[in-house]
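Labels below follow one simple rule: chain letters A, B, ... track the order of the sequence lines, proteins then strands, and each chain is numbered from 1.
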Amino acid sequence: MNITQKQFKRCDLISVEGRIDSATAPQLAEALEAITAAGRYKIILDCCNVSFISSAGLRVLVNTQKNCKRYNRGELVLAQIPENIRSTLDLVGFTELFKIFNDTLSAVGYF
Amino acid sequence: MNITQKQFKRCDLISVEGRIDSATAPQLAEALEAITAAGRYKIILDCCNVSFISSAGLRVLVNTQKNCKRYNRGELVLAQIPENIRSTLDLVGFTELFKIFNDTLSAVGYF
Amino acid sequence: MQWGISKTIVVEVSASQRFPGRYESLTKIAEFIRCACAQAGFDSCTTYSVETAVDEACSNIIEHAYGGEDIGEICCTCHLEEDRLVIILQDNGKPFKPEKFRIPKDTIPLKKYKRKKKQGLGLYFIYKIMDEVSFATSPSEGNTLTLVKYKSSPPPQA
Amino acid sequence: MQWGISKTIVVEVSASQRFPGRYESLTKIAEFIRCACAQAGFDSCTTYSVETAVDEACSNIIEHAYGGEDIGEICCTCHLEEDRLVIILQDNGKPFKPEKFRIPKDTIPLKKYKRKKKQGLGLYFIYKIMDEVSFATSPSEGNTLTLVKYKSSPPPQA
Ligand SMILES: Nc1ncnc2c1ncn2[C@@H]1O[C@H](COP(=O)(O)OP(=O)(O)O)[C@@H](O)[C@H]1O
Ligand SMILES: Nc1ncnc2c1ncn2[C@@H]1O[C@H](COP(=O)(O)OP(=O)(O)O)[C@@H](O)[C@H]1O
């Protein structure tokens, strides 16, 4: 897994490449915690180059979402999720938990 | 000239394709005025597909910039300007008047 | 039940492969599953969801049944039946007694349970994605997890 | 001054073309200028800036000298000299007396002047982009605008 980040005025974009699974989820959790620890709770996860998300990966996203939404201070949104991943998230009922944008531009423009 | 528009929460993206010259500048002015008339003064002009900007086109941008910056209520910024246009704007001293972004994502993230 | 045979390619109705019980194997297992799904005629979204369920199941085998990497193997067998793909995962680790666990149904198990330990989402994924899930243990064959995915929606009585 | 002649291509040192005085002609004139700039060895940014200056000059001819489209022609001549490209634009419209206008220098003319009419930016662009600019009028040849762009920075005394 490869993580790149970009900070904008009102939100942070975090782009992940590869698998988000039990092996890599802690690394993603760390990157997300660094953002929220800085008092920034509007986060976009760019999934364009994500090849796989396991339940362990999703667990990290759910925890981050809870943290971000607390006190109405922000939100974690997903952008550019590959169709197969999106359809599986749909199947397991997790798309309700995250706003999903087709492109990162709309996601940045949302905040 | 072809204009497409996208409204985000805090800013508007207006993408122009083709020449911005005396013939087409009024059409661009109209589109920009529609945005400012709606009380929206944070505007990104996406120049990715602009082939030419004449002084008449630039005049429209300068007027819009003045209008947007009044009362500190906003700003017109440019994104993805082709290198040759950018260098000519530099030469005539107009790049000082506009913040320029390499990509629209950073421009949306700026507001 | 009859198996169609095309002019040049005999459709393999069953395939089996053993993998070392380590996380590295997960992508190889996914490839194996992808081939079986292709033969079953699943679309890319269904295929990916089955890969996800199998990935979760194999992670559990490594983590919980074996309690670590490189302790034992995972044997993966795919049977292509007329209306379904049957995936069988076998291991020789600690038996899993699903009765001891709250098998997640329709609600996402996001609450904490038992002294701060968080409920995992893996079993929830597996049950949610696959049409049939059953765990079995025998002294001779070890643990057997049978996962079934129907080619179309599951029949009402299934 | 000597002109280099390559084995197969004779470098044209001068080219001239007439265009109808209408806005449609502007892209054709730009193409003509682009060829001349290529022969002068200008990079794409310099080329685009010269195109811009010529576009402004030709727009002014149509709008101000002729006072409208399809009144007269614009003759465009390019001379490729050793250290510069010389572009000559000729028209038969109303003579332009630049002395009557505030020729913009270094500051961008963004202020309004004379009873709310806004100062145009066209002349400013032309003077800013080109190294030499001169207007002339004669009864026989009409109006002649000479625009010069040096191949490198203009000589200090020029
Ligand atoms: N194959 C298995 N062998 C033994 N125990 C298992 C197996 N699969 C699941 N379990 C048990 O069920 C629990 C829930 O599993 P799961 O929902 O996948 O979440 P997680 O693995 O993240 O805890 C595990 O913590 C483990 O105790
Ligand atoms: N070729 C020309 N022939 C006659 N008048 C001209 C010509 N070029 C410029 N002018 C005069 O100079 C003024 C300023 O020109 P310019 O800076 O290009 O701005 P604009 O054309 O937008 O007014 C014009 O309004 C016009 O009166």
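Counting non-hydrogen atoms of other residues, nucleotides and ligands closer than 6.0 Å to CD of C:Q17 gives a total above 12. More than 12 non-hydrogen atoms from other residues, nucleotides or ligands lie less than 6.0 angstrom from CD of C:E69.
Counting heavy atoms from C-beta outward, A:T88 and C:I129 have side chains that approach closer than 4.5 Å. The shortest distance between side-chain heavy atoms of C:F125 and A:L58 falls below 4.5 Å. At least one side-chain heavy atom of A:R19 sits under 4.5 Å from a side-chain heavy atom of C:L26.
One finds the CG atom of A:L91 at 11.5 Å from the OH atom of C:Y48 (value rounded to the nearest 0.5 Å). Here A:D21 contributes atom CG and C:Y23 contributes atom OH; the two are 9.5 Å apart, rounded to the nearest 0.5 Å. Going from atom OG of A:S22 over to atom CG of C:N60 covers 8.5 Å, rounded to the nearest 0.5 Å. With values rounded to the nearest 0.5 angstrom, A:I53 atom CD1 is found 9.0 Å from C:T52 atom OG1.
Put simply, the side chain of C:Y124 never gets that close to the backbone of A:S55: no donor and acceptor are under 3.5 Å apart.
Heavy-atom distances place no part of A:R86 under 4.5 Å from chain C, backbone and side chain included.
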